[in-house]
Amino acid sequence: MELIITEKDNAARRIADILSGGTYDSSRENGVNVYEWGGKRCVGLSGHVVGVDFPSEYSDWRDVEPAELIDADVEKTATKENIVATLRILARKATQVTIATDYDREGELIGKEAYEIVRDVNADVPIQRVRFSSITENEVKSAFDEPDELDFDLAAAGEARQIIDLIWGASLTRFLSLSAGQLGDDFISVGRVQSPTLKLIVDREREIEAFDPEPYWELFADLEKREGDTDAFEAQYFYRDEDDNEAERVWEEAVADEVYETLSSRDSATVVDVNRRTRTDTPPTPFNTTQFIRAASAIGYTAKRAMSIAEDLYTAGYITYPRTDNTVYPDDLDPEDLLDDFVGHSTLGESAESLLEADEIVPTEGDEETTDHPPIHPTGEIPTRGDVSDDEWEIFELVVRRFFATVADAAVWEHLKVVAEVADYRLKANGKRLVEPGYHDVYPYFSTTENFVPDVDEGEELSLSDVELEEKETQPPRRYGQSRLIETMEDLGVGTKSTRHDILEKLYDRGYVESDPPRPTRLAMAVVEAAEEYADRVVSEGMTAQLEADMDAIAHGEATLDDVTDESREMLEEIFANLADSREEIGDHLRKSLKDDKRLGPCPECGEDLLVRRSRHGSYFIGCDGYPDCEYTLPLPSTGKPLIMESECEEHGLNEIKMLAGRQTFVHGCPLCKAEDAGEGPILGDCPECGDEHGGELAIKTLQSGSRLVGCTRYPDCEYSLPLPRRGDIEVTDEYCDDHDLPELVIHSGDEPWELGCPVCNYQEFQARESESGSELEALEGIGAKTVEKLAAVGIESVDDLTDADPDAVADDVEGISADRVRTWQAKA
DNA sequence: GCAAGGTC
């Protein structure tokens, strides 16, 4: 029995299909698919099924000095036990093992991991290795016809990376976390890839913070032909700077005014130069992961979302493997055959048919040609619109159209530059026209905006009008967007096609960046500063560059795994020697930055800082840093995680707050304004729960959701609350309840005012009735206790009340209840 | 509970 091992299930199934001619049987062992035919079995791993870690005696962060990790053993343990177990069972019975993991360095290491599992249970079985760049019949069959050996040196190169990454990452992460006392979920992490990426973001932020805007002026005017009926076109003033380059920005106001005066006083300009040229706009190259993410981001997808959709489309068989560096289609991809698959399709067919009309189809090629996977392209399998979500379809169409574009013709633009003179001043207009749309016809994601400038002749007089002088300011550099960051990581050689987008997510998870485009927190800046000072290697892309060189040396037999890891350990020892004395200083700085990230501005009561805090129950609120001397608090909405925005409230000097809750994310604004204008209405009296002890008071409140209640001003510390109806004006009368010393309330909605009375008495009466009429309501099918409570808050307390009620009014008044539901209940009642 | 790299 021959056993074939692949890197993933998907590859196992496709190889089984090719080698068996579609006759394989599949079964499941321990939740792992096994494909079987004519004396062969094929099983897929799930990437690495073993991982490196320290022995368990190193696992308590407080008991182990971080520096001890440098020389600790590094063990390999199974991380996917069911797969390892299955592999062991299959390997025992095997008479031949073939490793068919991906054709790249990490694939070689995964292959070696499988090799060791096999060897452990079967000391003698021959183990061979096959390599292929894409899972197509030709490639796979010829790979299996000429099997090779595992490349242990290449695998060792990968192991060196694992060890170095673990030792550096774990020891420095623990050091920073311990120094700042951040030991829970909020540890402070450092790593060979995440930290240089974070430094990119932090460096850009430093430029932005240091930026000093400078004013400048630009001048525009409209030009128009005197004859014919063409439209006017816009021209811009320019001059020659000291390097004889064309410059449009005027740096002195007086000069700008002078030009403006002159241009405004004239009504004509003379054409002094006409320059026409055609430009070829070559079609884009095939998608690798990075370029795919970039294109998806241009149509509104985050890196994470784009990859997640691509993975789904891949698993469903509509597109090829989405993690690839390759930008050259393999030889066995026949573009004509693939185009044929789209002929006749309702939305994609027309483009495919037009492309098939070409005499010759030659796809574009990028610079990178790798051995692991082809560029991302459609497989020819087309989902129907019902099979996939709108987002999936949009991404599928992007991949299809990108493939179309790579086999389409170039586009041709005509550029027309006109220079006209007014007195000693010059104006220029740049026109462009798309003469041959070429690939743009099948790939509508790039801008094809034209700019109209008419045909003019040298010496021609044009009329001049609408002179405008615009004052502007130089702008700071822009933050990196997610896709730009991923491209930069690729340029620097940091991370891999499979991990770059995950690294970005990690920076969000660790509290290092917020918002989109990612903005670094103060914590991130402090971590980068500390690393720059004591462990510069770990924030520099140079560490990866050196590691790559070392890995190449191991792969080529010029160095050993021990040579490389020993040297790396020595460097880390030196770093820790320098760090030892600065632990407290680093910790102080990190702690201060953590606090800065929670700061909103001054407390209106005592002037200390207001901070975003979390209550014991996990809900967020705003509290004063002066606590317990100052007990000032402000509430925050209960949905989402608060993000402190850059914008400040002019009235209170507090940063505004955004509540992050996925699709339900919203801007809450200044929490003090919110509390003042919407949140807290009139104070009714002392809070019966905490009034005596803490001085809490009851107030009428309107929540973010629009629902209202009588609640304690010390919320969220005190959660005492009483329900109020959603609609109607609330009148606070000057009649007081003897029992509770609270004013009686009247609700004005519709014709008859509803005398709710003392809110405490009202609630108590409601609770008393609940056991009787409440159960009466609850007896109706489809009404639960929660609903009974909601209905009571709008005065529906019995079955009679319910049958009398207007379903539409109830639906309006009560959140989460539709008029139809009310009608259903009425029918049952 | 640390990293980065596979994969889902």
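Note on naming: letters A, B, ... go to the chains in the order of the sequence lines (proteins, then strands), and numbering restarts at 1 for each one.
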Identify whether any heavy atom of [X] sits under 4.0 Å from a base atom; if not, whether one sits that close to sugar-phosphate; answer base, sugar-phosphate or nothing.
X: G495(A); result: sugar-phosphate
X: W168(A); result: nothing
X: V49(A); result: nothing
X: R500(A); result: nothing

Can you give the donor-acceptor pairs under 3.5 Å from side chains of residues 107-117 of chain A to other protein atoms, not counting sequence neighbours?
unit_1, atom_1, unit_2, atom_2, d
E108(A), OE1, R129(A), NE, 3.1
E108(A), OE1, R129(A), NH2, 2.6
E108(A), OE2, R129(A), NE, 3.3
E108(A), OE2, R131(A), NH2, 2.7
E108(A), OE2, D151(A), N, 2.9
K112(A), NZ, E116(A), OE2, 3.4
K112(A), NZ, E159(A), OE1, 3.1
K112(A), NZ, E159(A), OE2, 3.1
E113(A), OE1, H48(A), ND1, 3.0
E113(A), OE2, H48(A), ND1, 2.9

Measure from the side chain of [X], starting at C-beta and using heavy atoms only, and say which of [options] lies closest.
X: Y314(A); options: dC8(B), dC2(B), dG6(B); answer: dC8(B)
X: S498(A); options: dA3(B), dG5(B), dT7(B); answer: dT7(B)
X: E311(A); options: dG6(B), dA3(B), dC8(B); answer: dC8(B)
X: H48(A); options: dA3(B), dG5(B), dT7(B); answer: dG5(B)
X: Q194(A); options: dA3(B), dG5(B), dC2(B); answer: dA3(B)
X: T173(A); options: dG6(B), dC2(B), dA4(B); answer: dC2(B)
X: F187(A); options: dA4(B), dC8(B), dC2(B); answer: dC2(B)
X: R174(A); options: dC2(B), dA4(B), dC8(B); answer: dC2(B)

Exercise. Where along residues 316-326 of chain A does a heavy atom come under 4.0 Å from DNA chain B, residue by residue in number order?
Worked result: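 Of all residues in residues 316-326 of chain A, the ones placing a heavy atom under 4.0 Å from DNA chain B are Y321(A), R323(A).
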
Exercise. What ring-ring contact (aromatic ring centres under 6.0 Å, His included) pairs are there with at least one residue in residues 559-581 of chain A, not counting sequence neighbours?
Worked result: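 Sorted result for residues 559-581 of chain A: F175(A)-F576(A).
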
Problem set entry | Inter- and intrachain pairs under ring-ring contact (aromatic ring centres under 6.0 Å, His included), touching residues 484-512 of chain A, at least two apart |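 Checked against ring-ring contact (aromatic ring centres under 6.0 Å, His included) - neighbours excluded - no pair reaches residues 484-512 of chain A.
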
For this session: Give a yes or no on whether R294(A) atom CZ has more than 12 heavy-atom contacts from other residues, nucleotides or ligands under 6.0 Å away.
Result: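 Counting neighbours around CZ of R294(A), 12 or fewer heavy atoms of other residues, nucleotides or ligands fall under 6.0 Å, so no.
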
For this session: Spell out, as yes or no, whether a donor-acceptor pair under 3.5 Å connects the side chain of N122(A) to the backbone of R119(A).
Result: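 Side chain of N122(A) to backbone of R119(A), a donor-acceptor pair under 3.5 Å: no, none is there.
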
Exercise. Hey, does the side chain of T320(A) reach the backbone of P375(A) with a donor-acceptor pair shorter than 3.5 angstrom?
Worked result: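 Indeed, once roles are kept as given, a pair shorter than 3.5 Å links the two residues.
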
Would one find a side-chain N or O of [X] under 4.0 angstrom from OP1 or OP2 of [N]?
X: Q162(A); N: dA3(B); value: no
X: T496(A); N: dA4(B); value: no
X: K497(A); N: dG5(B); value: no
X: R105(A); N: dA4(B); value: no
X: R161(A); N: dA3(B); value: no

Which whole-number value in Å describes the distance from [X] [atom1] to [N] [atom2]?
X: E108(A); N: dG6(B); atom1: CD; atom2: P; result: 14 Å
X: I110(A); N: dT7(B); atom1: CD1; atom2: P; result: 6 Å
X: I83(A); N: dG6(B); atom1: CD1; atom2: P; result: 16 Å
X: K8(A); N: dT7(B); atom1: NZ; atom2: P; result: 5 Å
X: H501(A); N: dC8(B); atom1: NE2; atom2: C1'; result: 11 Å
X: E7(A); N: dT7(B); atom1: CD; atom2: P; result: 5 Å
X: L69(A); N: dA3(B); atom1: CG; atom2: P; result: 12 Å
X: K76(A); N: dG5(B); atom1: NZ; atom2: C1'; result: 13 Å

For this session: Answer yes or no: side-chain N or O of D53(A) and base N or O of dC2(B) forming a donor-acceptor pair under 3.5 Å.
Result: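 Between dC2(B) and D53(A), which were checked side chain against base, a qualifying N/O pair under 3.5 Å is present.
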
Exercise. Taking atom types as they are modelled, is there a donor-acceptor pair under 3.5 Å from the base of dC2(B) to the side chain of S189(A)?
Worked result: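 It does not, because no donor-acceptor pair links the side chain of S189(A) to the base of dC2(B) below 3.5 Å.
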
Using atom types as modelled, flag every donor-acceptor pair under 3.5 Å from a side chain in residues 49-63 of chain A to any protein atom, sequence neighbours excluded.
unit_1, atom_1, unit_2, atom_2, d
S59(A), OG, S56(A), O, 2.6
D60(A), OD1, R62(A), N, 2.9

Exercise. Residues two or more places apart in sequence or in another chain: which of them pass side chain to side chain contact (heavy atoms under 4.5 Å, CB included) with E514(A)?
Worked result: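 With neighbours one apart ignored, the set is R519(A), T521(A), L643(A).
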
Exercise. More 5' along DNA chain B: S171(A) or D104(A), using each one's nearest nucleotide?
Worked result: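 Mapping each residue to its closest nucleotide by heavy atoms, the 5'-most match is S171(A).
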
Exercise. Considering heavy-atom distances to DNA chain B, does D60(A) or D9(A) have its closest nucleotide positioned more toward the 5' end?
Worked result: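 Whichever sits nearer the 5' end wins; that is D60(A).
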
Problem set entry | Y534(A) versus S582(A), side-chain donor and acceptor atoms under 3.5 Å |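 Side chains of S582(A) and Y534(A): pair found under 3.5 Å.
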
